[in-house]
Amino acid sequence: MDTRARNAEHLHSVITSLQELFGERATQADAILEQHGSDESHHSNCPPDIVVFPRSTDEVASTVKICSEASIPIVPYGAGTALEGHVNAVQGGVCIDLSLMDEILAINSDDLDCVVQAGVRRKRLNEELRSFGLFFPIDPGPDATIGGMAATRASGTNAVRYGTMSEVVLSLTVVTADGKIIRTRRRAKKSSAGYDLTHLFVGSEGTLGIITEVTVRLFSIPESTIVARTTFDKLEDAVTTAMETMQVGLPLARIELLDDALIAAINSYSSTDFHPANTLFFELHGSESTVREQMEMLRAIAQENNSGNFEFAERQEDKTRLWQARHDAYYAAVRRRTGAVGWATDVCVPISRIVECISETKKDLENLSVPGCILGHLGDGNFHVVFSVDPKSQTEADEIEAFSSRLSHRAIRMDGTCTGEHGVGLGKKKYLEAEHGNALDIMRTLKTSLDPKNILNPGKVIDP
């Protein structure tokens, strides 16, 4: 039964209590409710009944206690940049917007870590870290919050060298479903003391607890970076180049694929003049002599696979221009059609299967009426297909839903996953049984144990 209907009589008292607690930082303004009812995905807007803006973990805990007593749903909200309907309040209730919790609490430069509140944005964090000669490497593209990135187990362009949020998160402060505040572990680089609660909550998408503080690993800014770009007439040659580069052990920081359709879309959206062909973007980090030597090895591998021009970018403004084009890719793909919305898929397979998986996917795309583009973090076997969809067309929605199902099952058949970094949310729930089988029973047991009233982001990831 819908929790909103079941608890309608309790909602008014909860709203009153929250208005007393937060004052002007609690709102039922229609525009704010609608803003918090969806992310960047195609899923229908589902607004909450009220949005609150806490400034501390204690205020989050107080909110959760109020909601828990009345069994009112709670949806945590970061920057709203997710792509699988993570923040849609499908049962109404209370949205906890963590954007005001944006303090950098500690930078421990000697230990190469820092502690931040969940609402800190990744770009601002790196601005603060620059004076220490350090940086936070996870780069999913949008300027997401660190808490949201932990909750969705984000990764992005740097994951091939620095890992995902799973690898860089050391510790979390979490508010549980009954309003308790816990810290999952200390700042030591390793620990074997008890269950690994940190990685239980990383990627849980707000369904097991609300992340309010995050301790993350930091890295030294590399002495030298070189960015390169090369093109291919055949998509398979580009993917093969990426696979062979990883297999020979070149320590790439980034290796990104954009197909010819996406390059053309970026040229239109970002006023660039790239040759509209299948393109690989590379970035190497290290000493100046090392990165130059490795880039020459990379050039040789690309040439063996029929690459076109191999262009370097060493000036910071040139490197920024190249990567900005990559970060514009999603919006460029969506804007191919006026009035369209974006629908992005996301799968990941073992490196040895990436050529096969992308080749099959490209052939599948050729039979669709809806325009789609392929982009991928090929260094870790992860790629996306982004569609520009007419939001009023059920025919297009059905076509893309069927494609997404084929793609997800294709990846699972190749011993991959239905989502490498977007998370499950609403969109990928239907594929979890095919991927995890009986392990879903353990997940349901965890959900029921940690959230017995099913108030934490209900309807997402897994149903109890």
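No experiment lies behind these values; they were computed from the predicted model shown.
Taking both residues in full, the closest heavy atoms of S41 and E84 are given as CB-N, 3.9 Å, listed atom of the first, atom of the second, then distance. Annotation for P73 and G92: closest pair CB-O, 3.8 Å, computed over non-hydrogen atoms. Across all non-hydrogen atoms, the minimal contact from I412 to A434 is CG2-O, 3.8 Å. The nearest pair of heavy atoms linking A253 to Y162 is CB-CE1, 4.5 Å. Contact detail for M165 and A150: the closest heavy-atom pair is CE-N, 3.7 Å. D346 approaches G420 most closely through the heavy-atom pair OD2-N, 2.9 Å.
In this structure, H384 has its ring center under 6.0 Å from that of H422.
Here the side chains of L368 and F403 are in contact, with some heavy-atom distance below 4.5 Å. D390 has its side chain within reach of R337: a pair of non-hydrogen atoms, C-beta onward, lies under 4.5 Å apart. Side-chain contact check for N88 versus N45: every heavy-atom pair is 4.5 Å or farther apart.
Checked by atom type, the side-chain pair T207/N457 shows no donor-acceptor distance below 3.5 Å. With hydrogens and angles left out, the side-chain atoms of D113 and N108 include a donor and acceptor closer than 3.5 Å. Between H377 and E421, the side chains place a donor N or O and an acceptor N or O closer than 3.5 Å (distance only, hydrogens not considered).
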Salt bridge (Lys or Arg N to Asp or Glu O under 4.0 Å) between R410 and E356, intermediate numbers included: CA-CA 10 Å; R410 180 180 302 131; E356 178 185 3; over 6 Å; no

Chi angles and distances behind the side-chain contact (heavy atoms from CB on, under 4.5 Å) call for M243, L378: CA-CA 7 Å; M243 181 185 69; L378 295 192; over 6 Å; no

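E304 and R299 are not joined by a salt bridge, as no carboxylate oxygen comes within less than 4.0 angstrom of a charged side-chain nitrogen.
Each of D102, V168, V116, I211 was checked for a side chain to side chain contact (heavy atoms under 4.5 Å, CB included) with I146, and the lone residue meeting it is V116. Remark: of the listed residues L407, D259, T345, L407 is the sole one forming a side chain to side chain contact (heavy atoms under 4.5 Å, CB included) with F383.
Annotation: K430, atom NZ; neighbour count of heavy atoms from other residues, nucleotides and ligands within 6.0 Å is above 12.
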